[in-house]
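This structure is a prediction, so every number in the text was calculated from the model and none was measured. Side chains included, hydrogens not; waters and symmetry mates left out as well; all remaining heavy atoms used.
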Amino acid sequence: MQTIYKSILQQTLNHRPVILTFGLLILIGIVCMFKVTKTQLAPHEDQGFLITFASAPQYANINYVEKYSKEIGDIYKSFPSIADYFIINTTGVGPFPSQVTSGAVLKPWGDRNITAMKLQPLLQHKFNKITGLQAQVAQMPALPGPDGMPIQFVLTSTSSYKTLNSVMVKLEAAAKKSGLFLFSSSDLKFNKPDLNIHIDRAKATQMGITMKQIGQTLSTLLSGGKVNYFSLDGRSYKVIPQLPDNERLTPDQLKQNYIKTATGQLIPLSNLVTLSTSVEPGSLNQFQQLNSATLSGFPMPGHTDTEALNFLKAEAAKLMPKGMNYNFAGQSRTLIQEGNSLIYTFFFALIIIFLVLAAQFESLRDPFIIMFTVPMAIFGAAIPMALGMSSLNIYTEIGLVTLIGLITKHGILMVQFANDLQENNGLNIRDAIEQAAAIRLRPILMTSAAMIAGVIPLIFASGAGAVSRHDLGLIIAMGLLIGTLFTLFVIPTMYTFLAKKRTCSSKTQTPNNP
């Protein structure tokens, strides 16, 4: 193999401009592949658990929620991969007065033939058929961080909430039409029904009924507040006066209650009040002291958070009037803020390695030659990411930085030995690098093969953390495999162009072949 390699290398060095052109194409290829690579903070992991959030209409009570939450339990039972589940019904908490929080615990990885990522859209499809609830299935975040949905796109403005809502409605419609979102919803919705009670003050005054008396009567009948305690069998219980449920289901039933006049006569409330309804937002939120509306959602399986956010940014730019801006919250904010960290990490990693090599070789030329191995490895690592086999995330970024240290070793082996051959054997630059590359072929291939073999278990990992381990192993293996192949020819070529001519020392000796 060494003889064949040396023969091919000699032919390669006879056509050095071709290698330079090839190296330039590699650099262009890296830029092109990273442009089509999907980017995300961390890949979705099969954690054996799925959580579901479901919201009911603003007017729904606990009986309404319990009725439809039973359908969620029936759907969970229809999937054999789900080992257990829980359902929590709440009313009067947060901006959603009535909501359901449920979770499905999946069977161990070896006892089921479907992953959580594949089960999520199947559950979502069935939950979409529940008429009384708006449900969304989510996976727990792969990394600790802000809570909530992975996509949180915020519109901010000093304008009114109605202006924000008009833009958000169009943006939400575009998001659902795009096919990039498994679920999307805005926190600004004009769907909360308000019952307005208009009192005929003149008639109430004639009958000797005050506004305070009417307010106290309505509060007692409807609010459910305690007025006293009573003891029974050694235990204390609250006294809560309130109308029965079947007598306060509709607004018209409210007018059938009675109130005392100044003479002690009971008259129905319908003689004094008229009712009307209006629609108001469920909550009015602010972001950085500005009126805001947040579009939250989950990306469709096969699409990343970055794709979804880029779509929302492009659509918002078309829809927003002057004075309105967009921002990010939660996990989306973390993703945007950390999106450029890889560039800075690479920059400082290359500088540190260059300085260490410059000190080791006592030269600025030799480290520059050695660093040509880095783009070769990055090109190999970018291939699976561009093909969709992985994404650019925190784990692949670690793999790319690791490749810088692993691949520069090949250049060090060749350049150091070629320098020794020039100084000790009096060889010229080309002969020195040809002989050094041939002699160093075996340690280069052996160390690369050992490292690739070491990450094979990561590539074929299964169970908890399998996706992150697969991404890390795949990047290192492909980067070393492709990078080593290219390095065997690119580094010798660059050495013939950039290496310094070294004179033979007075005492000639043959260097050892480690």
Qualifying side chain to side chain donor-acceptor pair (under 3.5 Å) pairs, either residue in residues 475-487, two or more places apart: His410-Thr484, Ser448-Thr484
Among Leu403, Leu350, Ile370, side chain to side chain contact (heavy atoms under 4.5 Å, CB included) partner for Thr408: Ile370
Leu427 side chain near Gln435 side chain, heavy-atom distance below 4.5 Å: yes
Donor-acceptor contacts, no H, no angles, side chain residues 412-419, under 3.5 Å, sequence neighbours left out:
from, atom 1, to, atom 2, distance (Å)
Gln416, NE2, Asp420, OD1, 3.3
Asn419, OD1, Tyr495, OH, 2.7
Asn419, OD1, Arg502, NE, 3.2
Asn419, ND2, Asp366, OD2, 2.9
Asn419, ND2, Val415, O, 3.4

Pairs meeting criterion side chain to side chain donor-acceptor pair (under 3.5 Å) with involvement of residues 460-469, two or more places apart: Glu45-Ser468
CD1/Ile383: more than 12 non-hydrogen atoms of other groups inside 6.0 Å: yes
Partner residues of Thr115 under the side chain to side chain contact (heavy atoms under 4.5 Å, CB included) criterion, sequence neighbours left out: Asp46, Met117, Lys118
Distance-only polar pair, side chains of Lys500 and Ser363, donor-acceptor under 3.5 Å: no
Salt bridge (Lys or Arg N to Asp or Glu O under 4.0 Å) partners of residues 163-185, not counting sequence neighbours, each pair once: Glu172-Lys176, Glu172-Lys189
Residue pairs, two or more places apart or on separate chains, that pass salt bridge (Lys or Arg N to Asp or Glu O under 4.0 Å) and touch residues 305-319: Glu315-Lys318
Partner set under side chain to side chain donor-acceptor pair (under 3.5 Å) for Gln289, not counting sequence neighbours: none
Ring centres under 6.0 angstrom apart (Phe287, Phe328): no
Side chain to side chain donor-acceptor pair (under 3.5 Å) partners for Asp431, two or more places apart: Asn428
Results of side chain to side chain contact (heavy atoms under 4.5 Å, CB included) for Ile398 - residues two or more places apart only: Thr402, Leu472
What donor-acceptor contacts under 3.5 angstrom involve side-chain atoms of residues 384-392, with partners at least two apart or in another chain?
from, atom 1, to, atom 2, distance (Å)
Ser390, OG, Asp471, OD1, 3.3
Ser391, OG, Gln40, OE1, 2.7
Ser391, OG, Asn393, ND2, 2.9

Side chain to side chain donor-acceptor pair (under 3.5 Å) partners of Asn14, counting only residues at least two apart: Arg430
Residues in side chain to side chain donor-acceptor pair (under 3.5 Å) contact with Ser102, at least two apart in sequence or another chain: Tyr76
